[in-house]
Protein chains: 2
Amino acid sequence: MSDTELLLRKKGLRTTKQRKAILDIIKSRKLPATAEDVFLELKVKDISANISTVYRTLDTMFENRIINKFYIVGDDRAFYELTSVKHRHFLVCIGCKAIIPITGCPLSGYEKTLEAKTNYRIAGHRLNIYGYCPKCALNDKK
Amino acid sequence: MSDTELLLRKKGLRTTKQRKAILDIIKSRKLPATAEDVFLELKVKDISANISTVYRTLDTMFENRIINKFYIVGDDRAFYELTSVKHRHFLVCIGCKAIIPITGCPLSGYEKTLEAKTNYRIAGHRLNIYGYCPKCALNDKK
DNA sequence: TTGGATGCAAAAGTTTTGCACGGTT
DNA sequence: AACCGTGCAAAACTTTTGCATCCAA
């Protein structure tokens, strides 16, 4: 049984062709993907899956904490990535919208402080950093 | 001339009834508002403004850096707030979706480090922290 | 007066839903 | 066999756009 199938079973989810394919795509991506990205890659791979199935599957996986879901400023669509990828953040270019991962999280330790201060049970955080990449910085003097 | 009008003029924007009302609403809110929030409050105040005008106005203000625009996990709509509010972050309850502002930013200093490391010109960041508020933590043992 | 802003209606884009059918367990 | 997942089509929801009209400068 494949790695991907195990991951689904562990959560009590049925292992269908579509789910395996969608999860494999998410796993293979170096960067977060949109529902459309997944849908198009399925087509390229000649695996039939309806767009509503893609959304439902991504939603199910999000609820089962297999993947994260988030938004990036400048783009109104949801992005998805494996929750098991090493914790990281993204640096987003305001100009060309390119996103690059940043290694090292500046928030280690902070969550505990906050937990004590607020009495919330902290589950995680989402941080994106915005700026201009070297190329766009040249075109956009501000 | 009102404060709100000055803010618009400073950016070279025309001061219309709708723009003043929309900006006043954003200013009066303690927490970020959605386009719909603004639209409904306009109605309550009996100020006629079309939903497309609300979006266009918010967009114009976003481009002129009068307001910020961002998303919160669990809600697919855009939120807006004044850029001039003191820099802050939000703690979002995964259960009841309540959001509370957090004082103190754990990222001061980090951006300069990153600028040196990446050669990007950093403009800012967006951080949200997720967890369960005391009430929801009781109902959702995980 | 004139160019930018608004209202209206229609469309675009993303995401969700009802229902019948099909596939996993 | 029972139940969950999928396809399809339609709808819901958020956001954008074209165009005529209106209004601030």
Side-chain angles (χ1 to χ4, degrees), chain A residues 1-2 4-25 32-40 42-43 45-64 66-67 69-80 97, chain B residues 1-2 4-25 32-40 42-43 45-64 66-67 69-80 97:
Chain A
M1 194 187 304
S2 76
T4 302
E5 277 180 79
L6 281 172
L7 186 48
L8 292 168
R9 299 245 165 142
K10 211 170 15 180
K11 300 289 185 173
L13 299 176
R14 291 190 175 180
T15 60
T16 66
K17 172 169 62 99
Q18 291 85 345
R19 282 184 176 170
K20 281 185 280 184
I22 290 168
L23 186 47
D24 276 334
I25 288 168
T34 64
E36 198 194 358
D37 290 338
V38 172
F39 179 67
L40 292 177
L42 284 169
K43 265 197 179 153
K45 290 186 171 170
D46 208 40
I47 295 166
S48 136
N50 194 275
I51 186 69
S52 62
T53 299
V54 173
Y55 275 107
R56 269 191 287 232
T57 300
L58 291 172
D59 194 47
T60 300
M61 291 180 184
F62 174 56
E63 283 178 353
N64 282 277
I66 295 173
I67 60 177
K69 174 181 180 179
F70 60 97
Y71 289 83
I72 287 176
V73 162
D75 199 326
D76 292 353
R77 300 168 305 168
F79 282 77
Y80 304 86
K97 311 283 190 235
Chain B
M1 195 187 305
S2 75
T4 302
E5 276 179 80
L6 280 173
L7 185 47
L8 292 168
R9 299 244 166 143
K10 208 168 19 177
K11 300 287 184 173
L13 300 176
R14 290 192 176 180
T15 60
T16 66
K17 172 170 62 103
Q18 291 85 344
R19 283 184 175 169
K20 280 185 280 185
I22 290 168
L23 187 47
D24 275 335
I25 288 169
T34 63
E36 198 193 359
D37 290 338
V38 172
F39 179 66
L40 292 177
L42 283 169
K43 265 196 176 154
K45 289 185 171 172
D46 209 40
I47 295 166
S48 137
N50 192 276
I51 186 68
S52 62
T53 299
V54 173
Y55 276 106
R56 270 191 287 232
T57 301
L58 291 172
D59 193 49
T60 301
M61 291 180 184
F62 174 55
E63 283 178 353
N64 283 277
I66 294 173
I67 60 178
K69 174 181 181 179
F70 60 97
Y71 289 82
I72 288 176
V73 163
D75 200 325
D76 292 354
R77 299 169 304 169
F79 283 77
Y80 304 85
K97 311 281 191 237

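Just so we're on the same page: letters track the sequence lines, and every chain starts at 1. On a predicted model such as this, the values are computed, not experimentally measured, just so you know.
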Report the residues that fulfil side-chain contact (heavy atoms from CB on, under 4.5 Å) with [X], sequence neighbours left out, ordered by chain and then residue number.
X	result
Glu63(B)	Asp59(B)
Ser48(B)	none
Lys45(A)	Ile25(A), Glu41(A), Ile47(A)
Asn64(B)	Lys11(B), Leu13(B), Thr60(B), Ile66(B)

Review point. Does Thr16(A) have any side-chain hydrogen bond (donor to acceptor under 3.5 Å, both in side chains) partners at least two apart in sequence or in another chain, and if so, which?
Key: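 Checked Thr16(A) against side-chain hydrogen bond (donor to acceptor under 3.5 Å, both in side chains); zero matches.
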**Study point:** Partner residues of Thr53(A) under the side-chain hydrogen bond (donor to acceptor under 3.5 Å, both in side chains) criterion, sequence neighbours left out
**Key:** none
Review point. Under a 4.0 Å heavy-atom cut-off, which of residues 49-61 of chain A touch DNA chain C?
Key: Ser52(A), Tyr55(A), Arg56(A)
Review point. Just by modelled atom types, is the Thr34(B) backbone N or O under 3.5 Å from a matching donor or acceptor in the Asp37(B) side chain?
Key: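 Yes.
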Could you state the interatomic distance from [atom1] ([X]) to [atom2] ([Y]), rounded to the nearest 0.5 Å?
X	Y	atom1	atom2	answer
Tyr55(B)	Phe62(B)	OH	CZ	14.5 Å
Thr15(B)	Glu5(B)	OG1	CD	5.0 Å
Ile51(B)	Lys43(B)	CD1	NZ	8.5 Å

Check your understanding: Which residue, Arg9(B) or Thr34(B), contacts DNA chain D at a nucleotide closer to its 5' end, judged by nearest heavy atom?
Key ->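 Taking each residue's closest nucleotide, the earlier one in sequence belongs to Thr34(B).
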Point to revise | Residues forming a salt bridge (charged side-chain N to carboxylate O under 4.0 Å, His left out) with Arg77(B), sequence neighbours excluded | key: Glu36(B), Asp75(B)
Check your understanding: What is the distance from CG of Asp75(A) to C1' of dT16(D), rounded to the nearest Å?
Key ->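 In whole Å, dT16(D) C1' lies 15 Å from Asp75(A) CG.
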Exercise for review: Would you mind reading off the distance between Lys69(B) atom NZ and dT14(D) atom P, rounded to a whole angstrom?
Suggested key: 14 Å
Review point. When the C1' atoms of the five terminal pairs at each end define the local axes, what inter-axis angle does the helix from dT1(C)-dA25(D) to dT25(C)-dA1(D) show, to 10 degrees?
Key: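 Overall, the helix from dT1(C)-dA25(D) to dT25(C)-dA1(D) bends by 40° from one end axis to the other.
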Practice item. Can you sort out which residues in residues 11-25 of chain A have a heavy atom within less than 4.0 Å of DNA chain D? Ascending by number, please. Key: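 When residues 11-25 of chain A is checked for heavy atoms under 4.0 Å from DNA chain D, the hits, listed by number, are Arg14(A), Thr16(A), Gln18(A), Arg19(A).
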Practice item. Please identify each residue that fulfils ring-ring contact (aromatic ring centres under 6.0 Å, His included) with Tyr71(A), with sequence neighbours left out. Key: Tyr71(B)
Review point. Step by step, would you call Asp76(B) with Lys69(A) a side chain to side chain contact (heavy atoms under 4.5 Å, CB included)?
Key: CA-CA 11 Å; Asp76(B) 292 354; Lys69(A) 174 181 180 179; 3.8 Å; yes
Point to revise | chain B contact limits on DNA chain C, taken 5' to 3' with a cut-off of 4.0 angstrom to heavy atoms | key: dG3(C) to dT15(C)
